[in-house]
Number of protein chains: 2
Amino acid sequence: MSHTVGVREAQKQKTRKALMEAALVLLEGQSLSSLGLREVTRAVGVAPTAFYRHFRDTADLGVALVDEALGSLHAVIRATLTATGDSAGRIDSTVGLIARHVHAHPAHIRFITRERHGGVERVRTAIGEQLRLFADEVAAWLATQPDCAAWSEDDRRMLAHVYVDHMVMTASAFLEAESYGAERVEAAASLARRQLRLVSLGRRHWLD
Amino acid sequence: MSHTVGVREAQKQKTRKALMEAALVLLEGQSLSSLGLREVTRAVGVAPTAFYRHFRDTADLGVALVDEALGSLHAVIRATLTATGDSAGRIDSTVGLIARHVHAHPAHIRFITRERHGGVERVRTAIGEQLRLFADEVAAWLATQPDCAAWSEDDRRMLAHVYVDHMVMTASAFLEAESYGAERVEAAASLARRQLRLVSLGRRHWLD
DNA sequence: CTCCTGAGAGTACGGCTGTTCACTGACTAT
DNA sequence: ATAGTCAGTGAACAGCCGTACTCTCAGGAG
């Protein structure tokens, strides 16, 4: 580049990132509503007042974490939807993809499932909004599928809702299973696959 | 009675109940992990030290709330399972029963959904244990149903799991809908009924 | 009637919290 | 070269927190 993005701005983003990562670690053992501003800055090794240069309060930090955790997931979802193959194959690859994502970003998943119904309203609604967008994408994809083309718009949204909720619950189940060992992870995967098969069967006979 | 249960013990239980109810109110705007012991006693109008006569800490209070909120639900679930009628009728009455329960005990439902994945481990496991018991009851009932008799035990547990998770999610959806008005509640009910119909269809064709 | 138990009150402690203010000093635009 | 911007500092504030003491005094047991 002819002009770098600025040493100053780069350092600021680095500190901001450090605050978010420290918060994510601290949130493994508590909820956002009990996370203290000083607690976070102490973990980073920065003065408490420096926090205000990046976030208004811890709820603001929470919303930023939601964007980080779920914002990048849209691409993953689109990739899943456009995958080809038979029903069983698609189910396998979907569940595998969730398992890999949870394994790669456990703290993010924990944060989302914990705060989805958590005590901080702004964060709750931010998560709800993102999940609604996921459901929109899935519903739009369902409209392109031959077996759902004749469904009502409402029914397609219902099914999309089921898929998104199942994805979140499966991710949470994987997270819990990972702390107990590989065979528990495989059991969670088996459960998720059979649940998707159940939905798949219901979907096939919806218009009977 | 020839001898009353004791004026002393009665007063103690009254204070204990007051602490739990005050906590439930305070938890509408925060998570258990940020609930302070002093905060609860102040709401009741009792000295902070009196708290220790009833609970070791706020996590202990949380476990007591789990028992209160879910312990009485076993009877309700059994009543739902033994209800008779056709598939659509059973779905209607089940969803209606959930709606009425949420309307009658909103704070309990909020507490359970919030702390199910919340920041306090003891409470999380207490809720998970109760939900597992619910799934056990449903699985045992499924074994008595003609259409599931030939299923594997694992598959029956999978389906029971789906029913219990759906019940919790529907309760949470009703709770949120109630703050927006009656038509949103009806929309949530419609969604829940169609989701149950989808599961019902999948169940009917599981052994195809 | 007397003794004892125990729920709750009152006080005090050290430690933590969010927020304010004035400040430094490295970067950046001119 | 110079002036300005602004991320991060450090001290100070009032207020909350959990917990450890001692104390009181109704209620129950003998």
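Proteins come first, then strands; the chains are lettered A, B, ... in the order of their sequence lines, and each starts at number 1. Bear in mind that the values here come from a model prediction, so they are computed numbers and not experimental data.
Contact annotation: A/Thr15 side-chain N/O to D/dG8 OP1/OP2 distance is under 4.0 Å. Taking 4.0 angstrom as the limit, B/Arg42 places a side-chain polar atom (N or O) nearer than this to OP1 or OP2 of D/dC17.
B/Leu19 has its CG atom 12 Å from the C1' atom of C/dA7, to the nearest Å. The separation between B/Tyr52 atom OH and D/dA20 atom P is 7 Å, rounded to whole Å. When the C1' atom of C/dT19 is taken as reference, atom CG of A/Asp60 falls 16 Å away, rounded to whole Å. Here the P atom of nucleotide C/dG10 and the CZ atom of B/Arg38 are 13 Å apart, to the nearest Å. Rounded to whole Å, the distance from CZ on A/Phe51 to P on C/dC21 is 19 Å. Computed from coordinates, the B/Lys17 NZ to C/dA7 C1' distance equals 19 Å when rounded to whole Å. As a whole-Å value, the separation of A/Asp57 CG from C/dT17 P is 16 Å. We find that CZ of B/Arg16 is positioned 16 Å from C1' of C/dG8, with the value rounded to whole Å.
Nearer the 5' end of DNA chain C, as judged by each residue's closest nucleotide, is the contact made by B/Val46, out of B/Val46 and A/Arg53.
Although no hydrogens or angles enter the test, the distance criterion places no donor-acceptor pair under 3.5 Å between the side chain of A/Ser34 and the main chain of A/Gln30. A side-chain donor-acceptor contact under 3.5 Å links B/Trp141 to the backbone of B/Leu81. Although no hydrogens or angles enter the test, the distance criterion places a donor-acceptor pair under 3.5 Å between the side chain of A/Ser33 and the main chain of B/Ser31. A donor-acceptor pair is defined here as one N or O able to donate and one able to accept, closer than 3.5 Å; such a pair exists between the side chain of A/Arg114 and the backbone of B/His117.
Closest approach to the B/Leu37 side chain among C/dA7, D/dG18, D/dG8 is made by D/dG18 (side chain taken as heavy atoms from C-beta onward). Distances from the side chain of A/His54 to the nucleotides C/dT19, D/dA7, D/dG8 place D/dG8 closest. Closest to the side chain of B/Pro48, from the set D/dT19, C/dC27, D/dG28, is D/dT19. Out of D/dA7, C/dA9, D/dT9, the shortest distance to the side chain of A/Ala47 is found at D/dT9.
Within 4.0 Å of B/Thr49, counting heavy atoms only, lies at least one base atom of the nucleic acid.
Judged by distance alone, with hydrogens and angles left aside, A/Arg8 brings a side-chain donor or acceptor within reach of the base of C/dA26, the pair sitting under 3.5 Å.
Looking at heavy atoms from C-beta onward, B/Arg16 lies in side-chain contact with B/Phe55 at the 4.5 angstrom threshold.
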